[in-house]
Amino acid sequence: MKATIITLAVVALLSVSNSFGSNTIYKSVETNEQDRTTTTTVCQGENEKYLSPIKRYVIVSDSNGSPIEKKIYEWNSNNRSWVAVQKYNYDYNAYGKLLSLSFTQWNKVTDTWAEDIQYAMYINDTNEENLSVNYLDTKPVTSEIHLAHYSY
């Protein structure tokens with residue numbers, strides 16, 4: 001009896017894994033050179049048919065091709081629309097080295113980007129070598145700023 005139950009459980013598990021195992025991840029990359037945007041859409045499907053969107057990444061670049069903004073969206077199958085999730089902003093120094101990176105999440109209640117922004121500040125020496133990274137976490141409600149410093 002125990003062997004029969006275990007066998008049935010294994011057969012059920014294998015049949016479920018086989019039904020999901022045929023799904024493949026596909027990505028589509030669209031570049032708009034005029035707007036300097038690259039949009040990558042990730043879908044899941046079977047043999048390039050019946051594709052279901054999963055995520056979308058929109059990257060805006062500067063004239064040097066370095067990213068200055070990256071937004072991440074997830075597909076809402078109920079509304080059949082893209083919903084913002086995260087946003088990254090990149091700042092560079094005069095030499096093109098990354099100076100700071102900010103991160104925020106989408107606030108579903110207010111339908112805007114959250115005011116709680118996290119920063120990573122890159123400190124370089126005179127040879128433009130990365131010496132350390134400072135992480136700042138701002139809390140707009142309490143006006144607190146938390147600083148963490150890491151050296152390499």
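These values consider heavy atoms only, across backbone and side chains, with no hydrogens, waters or symmetry-generated copies.
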Legend entry - same_hphob_cluster(W82, I72) at 4.5 Å side-chain heavy-atom cutoff: no

Legend entry - In one Ile/Leu/Val/Met/Phe/Trp/Tyr side-chain cluster, 4.5 Å: V58, Y90: no

As an exercise, state the distance from [atom1] of [X] to [atom2] of [Y], rounded to the nearest 0.5 Å.
{"X": "K70", "Y": "S61", "atom1": "NZ", "atom2": "OG", "value": "11.5 Å"}
{"X": "C43", "Y": "K55", "atom1": "SG", "atom2": "NZ", "value": "13.5 Å"}
{"X": "L51", "Y": "E46", "atom1": "CG", "atom2": "CD", "value": "10.5 Å"}
{"X": "Q105", "Y": "Q118", "atom1": "CD", "atom2": "CD", "value": "7.5 Å"}
{"X": "Q86", "Y": "W113", "atom1": "CD", "atom2": "CH2", "value": "8.0 Å"}
{"X": "K71", "Y": "W106", "atom1": "NZ", "atom2": "CH2", "value": "8.0 Å"}

Inset, instruction - Check whether any side-chain heavy atom of T31 lies under 4.5 Å from a side-chain heavy atom of E33, and answer yes or no. - result: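 They are in contact (side-chain heavy atoms under 4.5 Å apart), so the answer is yes.
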
Legend entry - Validation row: V60, D35 side chains within 4.5 angstrom (heavy atoms): no

Legend entry - Residues that Y57 engages under ring-ring contact (aromatic ring centres under 6.0 Å, His included), provided they are two or more places apart: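 In terms of ring-ring contact (aromatic ring centres under 6.0 Å, His included), with neighbours along the sequence ignored, Y57 is linked to no residue.
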
Legend entry - side chain to side chain contact (heavy atoms under 4.5 Å, CB included), paired with R56, selected from V85, T40, V83, T41: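 Between R56 and the candidates, side chain to side chain contact (heavy atoms under 4.5 Å, CB included) is satisfied uniquely by T41.
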
Legend entry - Closest heavy-atom pair and its distance - N76, N78: OD1-N, 2.9 Å

Inset, instruction - Search all heavy atoms of T104 against all heavy atoms of A114 and return the closest pair with its distance. - result: OG1-O, 2.8 Å

Inset, instruction - Could you check whether the rings of Y88 and F103 sit parallel, tilted or perpendicular, using 30° and 60° as the cut-offs? - result: tilted

Legend entry - Backbone of P67 reached by a side-chain donor or acceptor of Y92 within 3.5 Å: yes

Inset, instruction - Please check if the side chain of N64 supplies one atom and the backbone of S66 the other of a donor-acceptor pair under 3.5 Å. - result: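 No; zero donor-acceptor contacts below 3.5 Å.
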
Inset, instruction - Decide if atom NZ of K87 counts as having more than 12 heavy atoms of other residues, nucleotides or ligands within a radius under 6.0 Å. - result: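 Result for NZ/K87: enclosed.
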
Legend entry - Matching residue for S100 among D91, N89, N93 - test: side-chain hydrogen bond (donor to acceptor under 3.5 Å, both in side chains): D91

